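Single-structure report; data block below.
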Amino acid sequence: MYPYLKELNDIQREAVEAVEGPSLVIAGAGSGKTRVLTYRITHLLNLGKAPSNILALTFTNKAAREMKDRIGNMIGNKIIKYLWMGTFHSIFAKILRIESKLINYPSSFSIYDSQDSKNLIKTICKELNLDPQVYKANEVLGRISFAKNNLVTASNYANNFQIKTSDKNSRKPEIYRIYQIYENRCKTAGAMDFDDLLFKTNMLFDQFPEILKKYQEKFKYILVDEYQDTNFSQYLIIKKLANKHHNLCVVGDDAQSIYAFRGARIENIFNFKKDYPENKVFKMEQNYRSTQNIVNAANSVIDKNKSQIKKNVYSENESGNKIKLFEAYTDHEEGYLIANMINDIRYRDHDNFSDFAILYRTNAQSRILEEALRKKNIPYKIYGGLSFYQRKEIKDLLAYFRLIINPLDDEAFKRIINYPKRGIGKTSLDKLLQLAKDQDISIWQAATKLNVVNIQLSGAVVKKFHEFMGLISNFTTMINTDDAYEVARKIAVNTGILKDLHSDKTPEGISRHENIQELLNGIKEFTNTEEEDTPNLIEYIENVSLLTNDDKSNDNNNDKVILMTIHSAKGLEFKSVFLTGLEEDLFPSKFTVSNITELEEERRLFYVAITRAEKNLCISYAKTRYRWGQLVDCRPSRFIRDINPDFIEQESPLLTMKNYKSKNRFNLKQESTPDKNTEKSYSSFKKQNDKTSTFNSRLKKINKTSSTNISTTEGNNTEGIKTGEIVEHERFGQGTVVNIEGDFPNTKATIEFNSAGTKQLLLKFAKLKVIKKYN
DNA sequence: TGCGTGCTTCTTTTT
DNA sequence: GAAGCACGCA
């Protein structure tokens, strides 16, 4: 018996050893899923299977990397690179590049990220004269994405009665045209979006059976992680590939399916037994991660869901503490409470900062939490959010890389044609775009025709275009000879990007410059592999297009509290977890509560969040929270009531701010002296509430837009606006201020509007423009 | 043509 | 509260 098999429990071991035939591993939270996958691959290799015959698919780069590391530790790193292991998108991008000729794409096709896709859709909508209010890029992209994930081509879309009816009903009957043009443009640009990578793989396998056969024979052993998150497109690819050998092992947990919103089909895991009748099922139900109390609480939550595979997840760890529930007065206080708790627990248990995670439903919630941590000098790190690769300066430089590698890439072209400034403005570019559109060619191709086509561009402008193209072409030749870092550095220097950023001495400019340097360093690292041939820029960009948030982790201080969305926390575990913002409309999100299926997905998300915790779990909600720059009242989430009360306890409101009224937010008066604990929190709370700075800046704006001389002295009751003045309101039009009452900041003005009669407005929120001063 | 300003919109989650 | 967009001025 192989020694590593002894480290597994019975079910895990059976799952690892059942290498032939289809197996379904139902892996409850914390049951050692990754372990089974890595051991299974190790086992395959030990049985003498060739690494190049093994295909292992994950959803995130993080998961792939972790698995590689762990297998590397068991069997050595040399073999790893022959394994086909990576995300769905990266693996099939690789295959598509190899087979690109068959589907008429350049092997160096670009990959459009969602921003590129949205920009393209916006452009198309503009060309079609469609109302951008109705045809929102996000929604249109969503529809196209939905279609692609269900293998509906643009022409099928146009001919599908059901889809068209649905589009008509949502008053967007032109989406089919957008889809067609979008497809066309991607094709001429030699670009694929994320969904295309899967969609076109399906097309490739359908249209070229001999190619499918080649990969079927190659991938004798297929493993799929997080099977519950596969969409239809992914499901079909797997089905096709596994059709020959049937050595397919899928691992997943239906209770942790949280990506239906982007097309994941939880049914895939339910239907596995039907799809592969000779299947073996392994149910891993023992949770090694969390205390009994946490596991029980999580079970009591997921029990409320109707659609699920029944499981008996249990823990044999200590019973542990109850879940703590905190009611905070405001979002700021929530952060303050958490920061205090972290310090307390850390001190009590001698923990590291990295033992703590703060989870939230939306990225927007992170800022206030950060603020609280900073005030307490707690180091933290945010996962996700605006990722490094989404920053403007990074995208600019990457756009150069993309265009150099694939000159057809229209979105890259548009991004950098005038960055840094080279005197090509909107008007000139528009003419070029028109030419490209008329001739149905890429922008680059259109630009090469400027000399022969009769176009209303001055010779000087044409020359500028050609200079730009010369610049790009120079680099193109360099790519194959120089290594990635050298080329990248030259691009950053010769294009003037570095110079442009270097001259910007604002803090943002300096930070941008640093980011570029950091990217260059990243490329250097990428080229410093142990392999014989150093990778060129093409390989780098192929790699980087599919990287997202989490990847950049070259931070040497890793002892930090982790902040992230619940979605990105999947697969991770922390000794202590703070789950924040448990409020109706936030979690569950207001977009989901009307639909049972979606609500169940939110509940699974809640389940995922709970099961991240090993020992301590604190759940919190705020009674008021800033949203859209306004304070809103919040109710505690229904999910809190889903937890069996035996496993949760409300913390005594030691720190909560009973003292402050919630209704009269602009009248924050201290009814009694706050205790020491709340004092600091109160001051930050009040500061935020006053929004003095915002108010003053609005006054400044009023000052600027009007010709009146308005005093902005603080303490002046009217804060600038006086009776008798004529003001303009965005909705009610012009009116006269007839009365002012109340103290700053809740000054109320009564205004007689010509159109709308007399209105009382809270000046703080009234959008007023002073037209002229009466006296 | 470029740049600054102010207005509007948007925020659920991500490969 | 940020980012894109339109508008108007230099």
Side-chain angles (χ1 to χ4, degrees), chain A residues 57-64 86-93 111-115 117-119 122 126 132-133 136-139 142 145 149 193-198 226 229-231 233-234 257-264 359-368 383-387 389-390 392 418-419 421-430 458 460-461 464 508 545-551 564-570 581 585-593 598 601-602 604-605 608-609 626-630 688 691 693-694 697-698 700-702 704-705 730 767 769:
Chain A
L57 297 167
T58 65
F59 273 82
T60 62
N61 297 303
K62 198 163 54 183
T87 62
F88 274 88
H89 291 85
S90 70
I91 293 287
F92 296 116
I111 297 174
Y112 277 179
D113 66 17
S114 6
Q115 197 53 54
S117 300
K118 272 182 232 164
N119 288 343
K122 273 185 208 158
K126 212 177 257 175
Q133 306 275 14
K136 288 178 186 156
N138 233 339
E139 280 175 34
S145 173
N149 285 333
D193 65 17
F194 286 139
D195 300 314
D196 279 334
L197 296 174
L198 308 169
E226 309 277 15
D229 284 336
T230 47
N231 64 29
S233 190
Q234 289 161 325
S257 160
I258 53 175
Y259 285 111
F261 74 91
R262 66 172 204 219
L359 307 182
Y360 36 78
R361 180 64 177 75
T362 71
N363 279 311
Q365 287 162 256
S366 73
R367 196 171 341 106
I368 287 163
Y383 264 73
L386 188 62
S387 92
Y389 297 103
Q390 310 248 28
K392 183 192 171 303
N418 200 29
Y419 178 78
K421 305 263 178 303
R422 45 177 72 86
I424 299 175
K426 196 172 173 302
T427 333
S428 315
L429 182 61
D430 278 347
S458 72
V461 175
K464 281 178 190 164
E508 297 86 50
S545 313
L546 292 167
L547 288 185
T548 38
N549 317 316
D550 52 287
D551 193 60
M564 61 176 127
T565 63
I566 304 168
H567 280 87
S568 40
K570 193 159 81 153
D585 291 351
L586 183 59
F587 189 22
S589 151
K590 66 174 169 189
F591 295 90
T592 62
V593 288
E598 290 179 354
E601 173 150 316
E602 291 279 302
R604 291 194 293 270
L605 192 58
V608 168
Y626 267 97
R627 253 167 119 173
W628 265 312
Q630 284 196 359
Q688 186 64 25
K691 288 188 98 184
S693 53
T694 314
S697 80
R698 175 156 295 153
K700 272 180 209 150
K701 281 178 192 169
I702 291 174
K704 264 190 163 174
T705 46
E730 54 176 3
K767 288 204 170 179
K769 203 174 183 177

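The shown structure was predicted, so the numbers you read here are calculated from the model rather than taken from an experiment. Just so it is clear: chains get the letters A, B, ... in the order the sequence lines come, proteins before strands, and each one is counted from 1.
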> So what does A/Lys136 touch, heavy atoms closer than 4.0 Å: a base, only the sugar-phosphate, or nothing?
Replying inline: sugar-phosphate
> Which nucleotide, B/dT14, B/dT13, B/dT1, lies nearest any side-chain atom of A/Thr427?
Replying inline: B/dT1
> When rounded to the nearest 0.5 angstrom, what is the spacing between CG in A/Asn231 and CG in A/Leu198?
Replying inline: 6.0 Å
Pick out the pairs of N or O atoms, protein on one side and nucleotides 4-6 of chain C on the other, that lie under 3.5 Å.
none

> Rounded to the nearest Å, what distance is computed from the NZ atom of residue A/Lys118 to the P atom of nucleotide C/dA3?
Replying inline: 13 Å
> Just how far, in rounded Å, is C1' of B/dT13 from CZ of A/Phe194?
Replying inline: 15 Å
> Taking only side-chain nitrogens and oxygens of A/Asn363, does any of them come within less than 4.0 Å of OP1 or OP2 of B/dT13?
Replying inline: yes
> Looking only at heavy atoms, what is the nearest atom pair of A/Tyr112 and A/Ser117, with distance?
Replying inline: CB-OG, 4.1 Å
> Of A/Thr565 and A/Ala364, whose closest DNA chain B nucleotide lies nearer the 5' terminus?
Replying inline: A/Ala364
>> Quick check for you: to the nearest 0.5 Å, what is the distance between A/Leu605 atom CG and A/Glu598 atom CD?
In response: 12.5 Å
> Which of these nucleotides, B/dT13, B/dC3, B/dT1, is closest to any side-chain atom of A/Ser428?
Replying inline: B/dT1
> What is the nucleic acid contact for A/Ile566, judged by heavy atoms within less than 4.0 Å: base, sugar-phosphate only, or nothing?
Replying inline: nothing
> Would A/Lys570 and A/Asp229 count as a side chain to side chain contact (heavy atoms under 4.5 Å, CB included) if you check the C-alpha gap in whole Å, the side-chain angles of each, and the deciding distance to 0.1 Å?
Replying inline: CA-CA 12 Å; A/Lys570 193 159 81 153; A/Asp229 284 336; 2.4 Å; yes
>> Tell me which one of A/Asp196, A/Asp193, A/Asp195 satisfies side chain to side chain donor-acceptor pair (under 3.5 Å) with A/Ser145.
In response: A/Asp195
> Contact class for A/Asp113 vs. all strands (heavy atom < 4.0 Å): base, sugar-phosphate, or nothing?
Replying inline: nothing
> Taking atom P of B/dT14 as reference, at what distance in whole Å does atom CG of A/Leu359 sit?
Replying inline: 12 Å
> Roughly how many Å is it from CG in A/Asn149 to P in B/dT15, rounded to a whole number?
Replying inline: 15 Å
>> So if I take every side-chain heavy atom of A/His567 and compare against B/dT13, B/dT11, B/dT15, which nucleotide ends up nearest?
In response: B/dT13
> What closest approach, in Å, do A/Ile258 and A/Arg604 show between heavy atoms, and which atom pair accounts for it?
Replying inline: CG2-C, 4.1 Å
> Do any side-chain nitrogens or oxygens of A/Asn138 fall under 4.0 Å of OP1 or OP2 in B/dT11?
Replying inline: yes
> Whole-Å distance between B/dT15 C1' and A/Asp195 CG?
Replying inline: 9 Å
> For DNA chain B, whose closest nucleotide is more 5', that of A/Glu602 or that of A/Val461?
Replying inline: A/Val461
>> So A/Thr362, base contact, sugar-phosphate only, or nothing? Heavy-atom distance under 4.0 Å.
In response: sugar-phosphate
>> Counting only side-chain nitrogens and oxygens, does A/Asn418 get under 4.0 Å of the OP1 or OP2 atom of B/dG2?
In response: yes
> Atom CZ of A/Phe88 and atom C1' of B/dT15: how far apart are they, to the nearest Å?
Replying inline: 11 Å
> For A/Phe587, which contact category applies under a 4.0 Å heavy-atom criterion: base, sugar-phosphate, or nothing?
Replying inline: nothing
> Atom NZ of A/Lys62 and atom P of B/dT14: how far apart are they, to the nearest Å?
Replying inline: 10 Å
>> Please classify the nucleic acid contact of A/Ser90 as base, sugar-phosphate, or nothing, using heavy-atom distances under 4.0 Å.
In response: nothing
>> Less than 6.0 angstrom separating the ring centers of A/His567 and A/Tyr360, yes or no?
In response: no
>> If stacking means aromatic ring centre less than 5.5 angstrom from the base's six-membered ring centre, planes under 30°, is A/Phe261 stacked on B/dT13?
In response: yes
> Is the shortest heavy-atom distance from the side chain of A/Leu359 to the side chain of A/Met564 under 4.5 Å?
Replying inline: yes
> Just how far, in rounded Å, is C1' of B/dT15 from CD1 of A/Ile91?
Replying inline: 14 Å
